[in-house]
Amino acid sequence: MPALQPVRGTQDLLPETMRRHRRVGETAREIATLYGFAEIATPIFEFTEVFTRPIGEHTDIVSKEMYTFTDRGGEEVTLRPENTAGVVRAVLSNGLTQSTPLKFFYSGPMFRYERPQKGRFRQFHQIGAEILGVPQPQADVEIIAMGRRILSALGIGERVELELNTLGDPESRAAYRDALVSYFSACKPELSDESQLRLERNPLRILDSKDPKDRALIEASPNFQQFLSGDSLRFWDHVNRGLDALGIAYRINPRLVRGLDYYTHTVFEFVTTDLGAQGTVLAGGRYDGLVELMGGPAMAGIGWAAGIERLAMLIDEPPPPPRPIALVPIGDQAEATALPLAEELRGAGLVVDLAYSGNLQRRMRRADRIHARAAVLFGSDELAAGTLTLRDFDSGEQTALPRQQLAARLKALAG
């Protein structure tokens with residue numbers, strides 16, 4: 001029988017990797033709390049319509065990447081490919097639309113059937129934040145500032161660059177879309193096959209193309225700034241001035257777009273050159289049309305998501321876990337008292353390792369392998385005398401001490 005392996009595009013998060021993931025999630029959670037965000041968790045699968053309605057039948061996510069299946073009850077459900085739609089669904093399902101503004105933080109797994117590569121998996125993990133019910137540009141500035149603070153707290157603030165653009169209001173976006181269709185239609189034979197399809201279905205997505213055939217045409221395409229209404233320009237100016245006031249540097253990227261019609265105004269990405277082709281580490285935008293599209297009232301929204309796997313690759317090695325104390329009972333009588341002693345020391349806040357079997361030599365080898373700070377050795381003679389032997393692995397010293405002094409001495413060693 002062949003050895004069992006994880007499904008392609010998935011990975012086991014072993015302890016060293018998990019420490020990096022946990023560092024990303026815990027850092028983001030702490031900072032989100034400073035900004036007044038409450039944590040939310042939605043199911044990892046939803047009725048398929050939760051994603052097809054906002055994302056669109058003809059997008060790559062829906063047509064090629066979603067894990068969709070019919071469950072035993074005959075319902076069509078989908079493993080979530082992203083979490084904004086799930087958060088909006090939760091707001092609508094739980095009657096929260098009258099409780100705005102809403103500020104939510106989340107962390108968890110997402111699923112897309114993509115070609116696995118560095119930093120990209122079919123099961124991946126994201127942190128994310130959403131603000132609902134705030135149409136003012138202050139929300140854009142605040143949520144970008146929070147993303148920037150998280151990246152800085154992770155020690156990678158100097159390795160990323162903020163790219164920024166505006167999609168304007170729906171009228172500006174529609175005018176720009178018409179201009180793009182006119183421009184690319186005139187040179188349609190020169191476009192890649194994929195961009196020719198996008199021209200019919202989602203012309204703004206042509207601007208995302210990396211195909212060399214498309215790049216020169218994209219560079220010469222109309223600029224969104226030419227089509228912005230007065231209201232859109234004022235909103236954009238507020239966002240720019242707000243970021244300037246906070247000292248947050250950015251680069252305007254006029255080709256940064258979102259293909260879905262419910263996106264408006266601000267779009268942004270924090271990018272790095274340290275991960276090769278997978279350079280985006282945090283991306284977001286304003287989606288003022290999404291709640292209404294999903295059956296709710298007209299409600300503004302803005303949010304971002306960041307890939308934990310990519311961030312975990314960029315951060316420094318997290319601090320190691322506390323070194324354990326190894327308990328080494330010698331003989332049956334000592335063995336019987338080892339577990340109560342371990343619980344007593346754990347109750348004092350110490351990390352304790354208790355091997356389940358083995359002679360003295362074998363247990364001491366295990367203590368060395370787990371990089372224990374010290375070992376506590378005791379047999380029937382020590383128990384009768386009310387003492388224990390403490391071996392400090394760093395200094396090599398070995399001393400006998402009364403049992404009642406053990407916890408305090410070990411806490412001093414642990415620092």
Side-chain angles (χ1 to χ4, degrees), residues 35 53-56 84-85 87-88 91 97-103 129-148 162-184 202-208 218 221-270 283-304:
Y35 282 77
R53 187 185 296 186
I55 297 175
T84 299
V87 170
V88 171
V91 168
T97 57
Q98 300 302 311
S99 303
T100 58
L102 298 167
K103 300 168 74 173
E130 315 289 349
I131 300 178
L132 292 155
V134 183
Q136 293 85 1
Q138 290 93 325
D140 306 49
V141 176
E142 182 180 53
I143 206 163
I144 291 172
M146 187 176 85
R148 177 74 193 187
L162 171 60
E163 294 187 350
L164 197 66
N165 194 25
T166 178
L167 301 178
D169 54 25
E171 293 73 26
S172 302
R173 183 188 178 95
Y176 182 57
R177 186 185 188 280
D178 290 344
L180 282 184
V181 169
S182 176
Y183 169 78
F184 284 120
N202 199 342
L204 267 70
R205 288 294 312 282
I206 296 176
L207 303 181
D208 292 334
I218 291 170
S221 65
N223 190 314
F224 212 141
Q225 299 281 334
Q226 302 169 253
F227 300 89
L228 293 176
S229 66
D231 287 344
S232 297
L233 286 169
R234 282 187 288 274
F235 192 101
W236 178 232
D237 181 59
H238 277 297
V239 173
N240 282 244
R241 286 193 287 112
L243 294 173
D244 292 341
L246 296 180
I248 297 175
Y250 56 90
R251 180 176 68 85
I252 295 175
N253 178 359
R255 306 306 178 195
L256 179 61
V257 296
R258 299 286 184 264
L260 303 175
D261 288 342
Y262 57 77
Y263 277 103
T264 59
H265 294 297
T266 313
V267 289
F268 58 93
E269 293 183 357
F270 286 91
R286 178 168 279 277
Y287 47 82
D288 288 351
L290 177 58
V291 178
E292 190 171 12
L293 180 63
M294 293 184 68
M299 181 183 292
I302 185 169
W304 56 252

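One is the number of the first residue; the rest follow in order along the sequence.
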Practice prompt. Identify, with sequence neighbours excluded, every residue that meets ring-ring contact (aromatic ring centres under 6.0 Å, His included) alongside F224.
Written response: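 By the ring-ring contact (aromatic ring centres under 6.0 Å, His included) rule, F224 matches Y176.
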Practice prompt. Spell out, as yes or no, whether a donor-acceptor pair under 3.5 Å connects the side chain of N240 to the backbone of W236.
Written response: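 A pair under 3.5 Å: yes.
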Worksheet item: Would you call D231 and R234 a salt bridge, taking side-chain N to carboxylate O under 4.0 Å as the test?
Response: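 Here D231 pairs with R234 in a salt bridge, since their nearest N and O are under 4.0 Å apart.
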Worksheet entry | Ion pair E269/R258, N-O distance below 4.0 Å |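 A salt bridge links E269 with R258.
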So, do [X] and [Y] sit near enough that their side-chain heavy atoms are less than 4.5 Å apart?
{"X": "Y183", "Y": "I218", "result": "no"}
{"X": "V134", "Y": "I302", "result": "no"}
{"X": "F227", "Y": "L180", "result": "no"}

Fill in: Listed once per pair and sorted, the salt bridge (charged side-chain N to carboxylate O under 4.0 Å, His left out) pairs that draw on residues 290-304, sequence neighbours left out
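Qualifying pairs: none.
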Discussion item. Checking S182 now: which residues fulfil side chain to side chain contact (heavy atoms under 4.5 Å, CB included) with it, not counting sequence neighbours?
Written reply: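 Partners of S182 under the side chain to side chain contact (heavy atoms under 4.5 Å, CB included) test: none.
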Between [X] and [Y], which heavy-atom pair has the shortest distance, and what is it?
{"X": "H265", "Y": "R286", "result": "CB-CD, 3.9 Å"}
{"X": "S232", "Y": "S172", "result": "OG-OG, 3.3 Å"}
{"X": "F235", "Y": "P135", "result": "CE1-O, 3.3 Å"}

Fill in: Partner of V141 under side chain to side chain contact (heavy atoms under 4.5 Å, CB included), chosen from D244, I248, L243
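Among D244, I248, L243, the one meeting side chain to side chain contact (heavy atoms under 4.5 Å, CB included) with V141 is L243.
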Practice prompt. Please determine which of L256, I144, N253 meets the side chain to side chain contact (heavy atoms under 4.5 Å, CB included) test together with L164.
Written response: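 That would be I144; it is the only one of L256, I144, N253 passing the side chain to side chain contact (heavy atoms under 4.5 Å, CB included) with L164.
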